[in-house]
Each structure stands twice: as C-alpha cells, then as structure tokens.
Amino acid sequence: ADLEDRSRRDNIRIINLPEGVEGKTNLKAYILGSLPVWLPALAEAKPEIMRAHRIGPPNNTGRPCTVIAKMLRYTDRDLLLRTSRKSSIKVDGKDIRFAADYSAFTTNRRCSFVEVIKKAQKIGFQTFLMYPAQLKLTRGLTQRIFKSHLEVEDFLGGLATQENVEGEIMTTDILHIATWNVNGLNSPIKRTACLDYLYRHQVDVAFIQESHLKKSDVQKFSKLSGTISIFD
C-alpha cells in the first residue's frame, strides 16, 4: 500500500464534477482553465497538470465519475488541496471537492475516522488527519495522536465522564521536531522531496539548515509546508 500511495502522491481527485462540462475541449485543458475561476487564490501560482481522466465505467446513479488529475509537482497538489478547503465550489449547481488520491487500503483506513472527527469537532477539537491514517486532535493545551478510530472513541468517551469546566482535560507533550542540514534547496525537486519527507514523518516543527534560499523563497517554502512550521 505504501508503494502504491507513493506512486499516487502527485495525484488529486476531483469529486462530483459534472460529466461533459468540458464540452469540446479535453478534460485537462478545462480543469486548467477553470482552476483560477474556482480558486482565485491560485491565479498567480498557476499549477500544472500532466494529464486528467475519469475513473470507472459510466453508471446509472446520476453521480459523476471521479476525475483523477496528475499534477506536475507535489507542491502544486498540496497547494491545491489546502486552498480548496477554504472555498465552496459549485459547477452547474453541483458542489465539487478536491481530495488526495490514495490506495484503496489507505482510503478505507482514513474513512474509518469520519464519524469520530465529527464528534471531536462538535466539542471544540481541531482535527488533522495525517498520512497514512492517524488523527491528531488539538484543543488548547491538549494534543493527542491516534492510530485508530477506536482509540479516538475511547478518548472521547473518557472525556464525557470527566467534569472540567474549562474544558482542558489533559495535556501531552507530543510534538515532533526535526533539525536538518539539507545542503541547498534551490532545486524544485529537492524542495518537493524535503516536504514529502517531513509530511511522512509527521514533523510539526522543522529547523532547516544550509538551505541557501533567499528570504522571499524561504517565505514561499514555508507557505507550501502547510501544517509544518519551517524555520531557516
């Protein structure tokens, strides 16, 4: 599953995009032209797509087949995912959304967290589903990482039995910090590989040494890092 996930790491899924909206143009050209309209924040970034296609045979359910788009760079895929989470996108009256593309095994593991994520959010927790399938819950000084939805259920059930007016039930010291002498990050390929490594090792704070990046480039690199705090 891990090898399959790695082969898909540049892919993005576009869910519920009406079939035939591209008209006479091909699907790749339609998506590239539509991204700045759907997500104006991406107008300057100009993410590049290598190819795009729908998966699965036509169905009679009325639900459009999902689109798989392979991005040229992992950083484009990550930026697109983060930007889409902040927007509501409609095409021909249908809500569409973007998602990462994982193997069936990893997808099923991640889907098992859906219900407990809703429960956690209702009681004030910030949730972050990490790769491959671990859930981080944060509320105030409380931070926990769980490897299964059953662990989350037990944790939330325990909270319900405790009386604490302020809501700060317990604290933990789980914080993943890394320091790394990268010996230069001027290569886009190397920057992508660096971010991929940090994500896969669930790093929260990274101290990057010898990046040889300009100050403006460091800021751009930090923005691409998403939930990781980058210090150069």
Q | With Ile14, the side-chain contact (heavy atoms from CB on, under 4.5 Å) member among Thr66, Leu80, Ile31, Leu27 | A | Ile31
Q: Drop me the distance from Phe128's CZ to Gln143's CD, to the nearest 0.5 angstrom.
A: 11.5 Å
Q: Taking all heavy atoms of Lys90 and all of Asp95, pick out the closest pair and write down the distance.
A: NZ-OD1, 2.9 Å
Q: Taking the side chain as every heavy atom from C-beta outward, state whether Leu17 and Tyr30 have any atom pair closer than 4.5 Å.
A: yes
Q: Nearest 0.5 Å please: distance from the OG atom of Ser84 over to the CD1 atom of Ile12.
A: 6.0 Å
Q.
Which residues pass the salt bridge (charged side-chain N to carboxylate O under 4.0 Å, His left out) test with Asp5, not counting sequence neighbours?
A. none
(Q) Is any side-chain heavy atom of Arg191 closer than 4.5 Å to one of Leu213? (A) yes
**Q.** Hydrophobic cluster (4.5 angstrom, side-chain heavy atoms) - remaining members for Leu72
**A.** Met50
Q) Should side-chain heavy atoms under 4.5 Å link Ile, Leu, Val, Met, Phe, Trp and Tyr, which residues sit in the same cluster as Ile55? A) Ile68
Q: Would you mind listing every side-chain hydrogen bond (donor to acceptor under 3.5 Å, both in side chains) that reaches into residues 114-127, with sequence neighbours excluded?
A: Lys119-Glu153, Gln121-Thr127
Q: Flag the pair Glu151 and Lys147 as a salt bridge only when some basic side-chain nitrogen lies within less than 4.0 angstrom of an acidic carboxylate oxygen.
A: no
Q) Who are the side-chain hydrogen bond (donor to acceptor under 3.5 Å, both in side chains) partners of Ser88, not counting sequence neighbours? A) none
Q: Mind checking ring pair (Phe, Tyr, Trp, His ring centres under 6.0 Å) for Phe146 and listing every partner two or more places apart, or none if nothing turns up?
A: Phe155
Q) Among pairs that include at least one residue of residues 44-55, which meet salt bridge (charged side-chain N to carboxylate O under 4.0 Å, His left out), considering only residues two or more places apart or in two chains? A) Glu48-Arg73
Q: Could you list the residues that satisfy salt bridge (charged side-chain N to carboxylate O under 4.0 Å, His left out) with Arg109, not counting sequence neighbours?
A: none
Q | Shared-cluster residues of Tyr131, by chain and number - hydrophobic side chains joined below 4.5 Å | A | Tyr102
Q: Please list, chain by chain and in numerical order, all residues satisfying side-chain hydrogen bond (donor to acceptor under 3.5 Å, both in side chains) with Lys24, sequence neighbours excluded.
A: none
Q: Could I get the full list of salt bridge (charged side-chain N to carboxylate O under 4.0 Å, His left out) partners for Arg110, not counting sequence neighbours?
A: none
Q) Residues in salt bridge (charged side-chain N to carboxylate O under 4.0 Å, His left out) with Lys136, at least two apart? A) Asp204
Q. Hey, what do you get for OG1 (Thr83) to CZ (Phe98), rounding to the nearest 0.5 Å?
A. 10.0 Å
(Q) Please find the pair of heavy atoms, one from Val182 and one from Glu210, that lie closest to each other, and give the distance. (A) CG2-O, 3.8 Å
Q | Glu22 side-chain N/O to Ala29 backbone N/O, donor-acceptor pair under 3.5 Å | A | no
Q: Rounded to the nearest 0.5 Å, what's the gap from CZ on Arg97 to CG on Leu81? Could you check?
A: 11.0 Å
Q: Quick one: pull up NE2 in His149 and CZ in Phe113 and give me the separation to the nearest 0.5 Å.
A: 8.0 Å
